[in-house]
Amino acid sequence: MLLYPLYASVVAIETTDKLDDEQWLAYWIFYSFLTLMEMVLRHVLEWIPIWYDVKLIFVAWLVLPQFRGAAFIYDKFVRERIIKRYRESSSSHQHNKKSPKAKSNTKFVDFITPKKGEHEAY
């Protein structure tokens, strides 16, 4: 779960191919999320006897180059939401700008933080 992805991530950094970058960035996002959820739900997961088997199979699917599971999940479930959210954020920024100097370097922070009254169920 760690050694091969670490190696493959370093290799991906050194290549010019965008596909391997996407695969490994997505892997680390999902692996981090899985680890966080596992920490939060530890007491519940202790009661599921096959949890570690399921986790091993899932992470293997995320990692193995034959499946490219991390990139698949990102493409099918995450990308469209991010693009939609980014476009909404950019369009609201365009309407709120008063001068060219008002442009800030907080575009990413503005992108990931919900606006007041903006509550979406995922």
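- Separation of atoms CZ (F30) and CG (L25) is listed at 11.0 Å; rounding is to 0.5 Å.
- Closest heavy-atom contact between A71 and E22: CB-OE2, 3.9 Å.
- Residues forming a side chain to side chain contact (heavy atoms under 4.5 Å, CB included) with L19 (at least two apart in sequence, or on another chain): D17, R68.
- By the criterion of side-chain heavy atoms lying less than 4.5 angstrom apart, applied directly or through intervening Ile, Leu, Val, Met, Phe, Trp or Tyr residues, I48 is grouped together with V40 in one hydrophobic cluster.
- If you chain together hydrophobic residues whose side chains sit under 4.5 Å apart, F77 and V63 fall into the same group.
- For Y52, there are no ring pair (Phe, Tyr, Trp, His ring centres under 6.0 Å) partners at least two apart in sequence or on another chain.
- V10 is not connected to L3 by any chain of hydrophobic side-chain contacts under 4.5 Å among Ile, Leu, Val, Met, Phe, Trp and Tyr, and they are in different clusters.
- Put simply, the side chain of L41 does not reach to within 4.5 Å of the side chain of W51, judged on heavy atoms.
- If you take CG on L6 and CH2 on W28, they are separated by 4.0 Å, rounding to the nearest 0.5 Å.
- Under the 4.5 Å side-chain heavy-atom criterion for ILVMFWY residues, a single connected hydrophobic cluster contains both L2 and V11.
- To the nearest 0.5 Å, atoms CE (M1) and CG (L62) are separated by 11.0 Å.
- Pairs passing the salt bridge (charged side-chain N to carboxylate O under 4.0 Å, His left out) check and including a residue from residues 35-45, sequence neighbours excluded, read E38-K55.
- Contact between Y74 and A26 at its shortest, heavy atoms only, is CB-CB, 4.0 Å.
- For the atom pair CG (D20) and CD1 (I13), the distance works out to 10.0 Å, reported to the nearest 0.5 Å.
- Between Y4 and W24, a ring centre-to-centre spacing shorter than 6.0 Å is recorded.
- Proximity of P5 to Y31: side-chain heavy atoms (C-beta onward) are nowhere separated by under 4.5 Å.
- Put simply, I57 and L45 are part of two different groups of oily side chains (I, L, V, M, F, W, Y) that touch within less than 4.5 Å, one to the next.
- For the atom pair T35 OG1 and M37 CE, the distance stands at 11.0 Å (nearest 0.5 Å).
- From F33, atom CZ reaches atom CD1 of I73 across 11.0 Å, with rounding to the nearest 0.5 Å.
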